Engineer: 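This is the structure I want to talk about, given as structure tokens.
The model shown is predicted, which means the values in this text are computed figures rather than measured ones. The chains referred to below are lettered A, B, ... by the order of the sequence lines, with proteins before strands, and numbering in each begins at 1.
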Protein chains: 2
Amino acid sequence: MPRQTKQNPERGDARTRLLEAARDVIRSQGFAATTIDDLCKTAGVTKGAFFHHFENKETLGVAAAAYWAETTSAFFAEALYHDHDDPLDRLLRYVAFRKEIIDGDLAAFTCLVGTMTQEVYLSHPAIRDACAASIFGHTATLEPDIEAALKSHEIAADWTPASLAAHTQAVLQGAFILAKATGDRTSAHDSVDHLLRYLQLLFGRTLGRNGPRAWGGHSHG
Amino acid sequence: MPRQTKQNPERGDARTRLLEAARDVIRSQGFAATTIDDLCKTAGVTKGAFFHHFENKETLGVAAAAYWAETTSAFFAEALYHDHDDPLDRLLRYVAFRKEIIDGDLAAFTCLVGTMTQEVYLSHPAIRDACAASIFGHTATLEPDIEAALKSHEIAADWTPASLAAHTQAVLQGAFILAKATGDRTSAHDSVDHLLRYLQLLFGRTLGRNGPRAWGGHSHG
DNA sequence: ATATAAATACCAACCGGTCGGTATTTATAC
DNA sequence: GTATAAATACCGACCGGTTGGTATTTATAT
């Protein structure tokens with residue numbers, strides 16, 4: 001059986017495969033229930049490879065959170081919701097996009113760092129910090145649009161852009177929990193719809209009776 | 001050392017003590033990271049007692065979720081937010097109450113069944129179902145007030161009372177995750193404030209510029 | 001040749017669960 | 001009421017598989 005090398009990179013190197021395995025397995029089983037052997041099996045590598053790349057399980061958790069931050073920020077940076085002139089449009093489109101990708105398998109759309117945070121916030125501060133950096137690094141990308149929307153709509157808010165950005169993540173994280181509890185995605189979709197409605201009410205944008213759908217078309221920015 | 005009996009219930013029986021231990025330990029460590037020995041140690045009983053009362057670890061998880069449902073529903077049934085004539089007042093007071101109890105130690109205010117759901121939704125369907133029953137049993141208690149508020153405010157909503165009730169729980173669950181990630185409660189408080197603002201906007205209640213605080217006094221119902 | 005990457009073999013602690021046994025309470029028989 | 005029986009509650013040693021982690025060896029790249 002040939003080993004994976006840079007000259008035979010059919011699936012990438014062992015480190016990346018382990019991080020991808022961590023992303024997938026931890027999202028479906030949780031961090032504590034995931035054994036190192038699980039990860040090695042899923043990644044198709046041996047334990048020796050694991051401990052060559054990671055000092056211990058905690059280090060892998062930190063690296064997995066960092067890997068998650070990298071890949072998701074690249075994913076959202078490429079998304080189409082940025083292609084709008086109005087900052088409020090971009091914000092609403094972002095949330096609508098988040099709703100859209102709540103689709104298919106549960107472990108495919110839920111948040112790795114949100115899941116890990118729940119488990120390790122006391123026992124593994126290093127992982128918790130990496131998860132927090134991922135979450136709030138992402139919310140930070142929303143703040144400029146929120147701030148711009150506040151100004152362009154001439155709203156004197158008694159809340160900060162950062163708090164609203166964080167609130168969007170709270171709703172999403174909570175929606176994931178509801179989805180896991182019910183086993184389907186409708187409750188999560190409904191909750192994101194409430195978030196969308198909140199944003200529209202906040203910024204005084206009144207739309208057709210269909211709610212989010214009314215501006216959800218592909219008209220323009 | 002005297003054993004605990006029904007005629008000598010100075011500390012309660014082993015079963016209840018194990019359920020209380022499960023509530024506390026699982027909230028701070030998660031389900032998978034909690035060993036049966038952890039629970040026995042915290043409860044002050046032996047492993048023999050554990051397996052006398054519970055078939056296995058999964059059975060304990062189910063029982064812990066059921067115990068959580070019982071105790072929290074009793075806790076909320078006794079709370080003061082019910083003492084208002086207007087159903088919208090009761091709803092807003094409920095959320096304000098939820099905000100108030102986000103205080104002190106993290107493991108003291110977070111939700112056992114939300115935490116467990118994240119970990120076991122695939123590996124232990126029985127526990128997941130018990131958690132779902134706890135969550136949605138609680139949301140069901142909010143629906144009558146939401147429905148009554150819709151009628152009394154003559155609002156034709158394109159959303160269901162059940163979805164709004166579920167949304168309140170999503171925000172709370174998400175707020176707990178943010179609190180665990182940051183290590184403090186301000187982000188959770190902020191998110192619940194956004195939820196309060198949403199409810200006020202939804203039902204067209206305009207209040208003073210202070211937001212939630214404006215109606216948060218102890219004037220009357 | 002040497003550093004890196006990865007495979008193999010292995011270990012000690014741990015963990016869920018079992019088991020034999022004891023103490024206490026409750027039900028039954030007379 | 002009392003002896004007996006049986007159910008309940010609990011104890012703690014023990015077992016076998018698992019798990020995180022280590023030590024050693026082998027393959028590959030430059």
Engineer: Measuring from the side chain of A/Asp13 (C-beta onward, heavy atoms only), which nucleotide among C/dG17, D/dG21, C/dA6 has the closest atom?
Structural biologist: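 Looking only at heavy atoms from C-beta outward on A/Asp13, the closest nucleotide is C/dA6.
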Engineer: Any chance you could measure A/Phe50, atom CZ, to A/Glu55, atom CD, to the nearest 0.5 Å?
Structural biologist: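 So the gap between those two atoms works out to 11.0 Å.
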Engineer: Partners of B/Lys41 by salt bridge (Lys or Arg N to Asp or Glu O under 4.0 Å), sequence neighbours excluded?
Structural biologist: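 Listed in chain order: nothing, the list is empty.
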Engineer: Rounded to the Å, how far apart are B/Phe50 CZ and C/dG17 P?
Structural biologist: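 Rounding to the nearest Å, CZ of B/Phe50 and P of C/dG17 are 8 Å apart.
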Engineer: Could you state the atom-to-atom distance from CZ of A/Arg15 to P of C/dT4 in whole Å?
Structural biologist: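 After rounding, the reported distance stands at 15 Å.
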Engineer: Which residues pass the side chain to side chain donor-acceptor pair (under 3.5 Å) test with A/Glu58, sequence neighbours left out?
Structural biologist: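 In terms of side chain to side chain donor-acceptor pair (under 3.5 Å), with neighbours along the sequence ignored, A/Glu58 is linked to A/His124.
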Engineer: Reckon B/His53 has a side-chain N or O less than 4.0 Å from the OP1 or OP2 of D/dC10?
Structural biologist: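 Checking B/His53 against D/dC10: at least one side-chain N or O falls below 4.0 Å of OP1 or OP2.
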Engineer: With respect to the side chain of A/Asn56, which nucleotide from C/dA7, D/dC11, D/dG21 is positioned closest?
Structural biologist: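 From the listed options, D/dG21 comes nearest.
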Engineer: Taking side chain to side chain donor-acceptor pair (under 3.5 Å) as the test, write out the residues that go with B/Thr72, two or more places apart.
Structural biologist: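 Per chain and number, B/Thr72 pairs via side chain to side chain donor-acceptor pair (under 3.5 Å) with no residue.
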Engineer: Would you mind reading off the distance between A/Phe54 atom CZ and D/dT22 atom P, rounded to a whole angstrom?
Structural biologist: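 Nearest whole value for this atom pair: 15 Å.
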Engineer: Starting at atom CZ of B/Phe31, determine the distance to atom C1' of C/dG16, rounded to an integer number of angstrom.
Structural biologist: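 In whole Å, C/dG16 C1' and B/Phe31 CZ are 11 Å from each other.
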Engineer: Could you check which residues of residues 116-129 of chain B get a heavy atom under 4.0 Å from DNA chain D? Sort them by number, please.
Structural biologist: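 Listed by number, there are none.
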Engineer: For nucleotides 16-19 of chain D, print each protein N/O atom paired with a nucleotide N/O atom at under 3.5 Å, atom names and distance only.
Structural biologist:
none

Engineer: Does a side-chain N or O from B/His52 land closer than 4.0 Å to OP1 or OP2 of D/dA9, or not?
Structural biologist: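 Checking B/His52 against D/dA9: at least one side-chain N or O falls below 4.0 Å of OP1 or OP2.
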Engineer: Once side-chain contact (heavy atoms from CB on, under 4.5 Å) is applied, do any residues pair with B/Val45, and if so which ones, sequence neighbours excluded?
Structural biologist: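 Applying side-chain contact (heavy atoms from CB on, under 4.5 Å) to B/Val45 gives B/Ala14, B/Arg17, B/Leu18, B/Cys40, B/Ala43, B/Ala49.
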Engineer: Report the residues that fulfil side chain to side chain donor-acceptor pair (under 3.5 Å) with B/Thr71, sequence neighbours left out, ordered by chain and then residue number.
Structural biologist: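 Listed in chain order: nothing, the list is empty.
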Engineer: Would you check if the distance from the ring center of B/His189 to the ring center of B/Phe109 is below 6.0 Å?
Structural biologist: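 Ring centres of B/Phe109 and B/His189 not closer than 6.0 Å.
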Engineer: Partners of B/Arg90 by salt bridge (Lys or Arg N to Asp or Glu O under 4.0 Å), sequence neighbours excluded?
Structural biologist: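 B/Arg90 satisfies salt bridge (Lys or Arg N to Asp or Glu O under 4.0 Å) with B/Asp145 only.
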Engineer: Going by atom type alone, with no hydrogens or angles, which donor-acceptor pairs under 3.5 Å involve a side-chain atom of residues 111-121 of chain B and a protein atom two or more places apart or on another chain?
Structural biologist:
from: B/Thr115; atom 1: OG1; to: A/Gln118; atom 2: OE1; distance (Å): 3.3
from: B/Thr115; atom 1: OG1; to: B/Cys111; atom 2: O; distance (Å): 3.0
from: B/Thr115; atom 1: OG1; to: B/Lys180; atom 2: NZ; distance (Å): 3.3
from: B/Thr117; atom 1: OG1; to: B/Val113; atom 2: O; distance (Å): 2.6
from: B/Gln118; atom 1: OE1; to: A/Thr115; atom 2: OG1; distance (Å): 3.3
from: B/Gln118; atom 1: OE1; to: A/Lys180; atom 2: NZ; distance (Å): 2.4
from: B/Glu119; atom 1: OE1; to: B/Phe31; atom 2: N; distance (Å): 3.4
from: B/Glu119; atom 1: OE1; to: B/Ala32; atom 2: N; distance (Å): 3.1
from: B/Glu119; atom 1: OE2; to: B/Phe31; atom 2: N; distance (Å): 2.7
from: B/Tyr121; atom 1: OH; to: A/Arg27; atom 2: O; distance (Å): 3.0

Engineer: Just how far, in rounded Å, is P of D/dT22 from CZ of A/Phe51?
Structural biologist: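 Roughly 7 Å, once rounded to whole Å.
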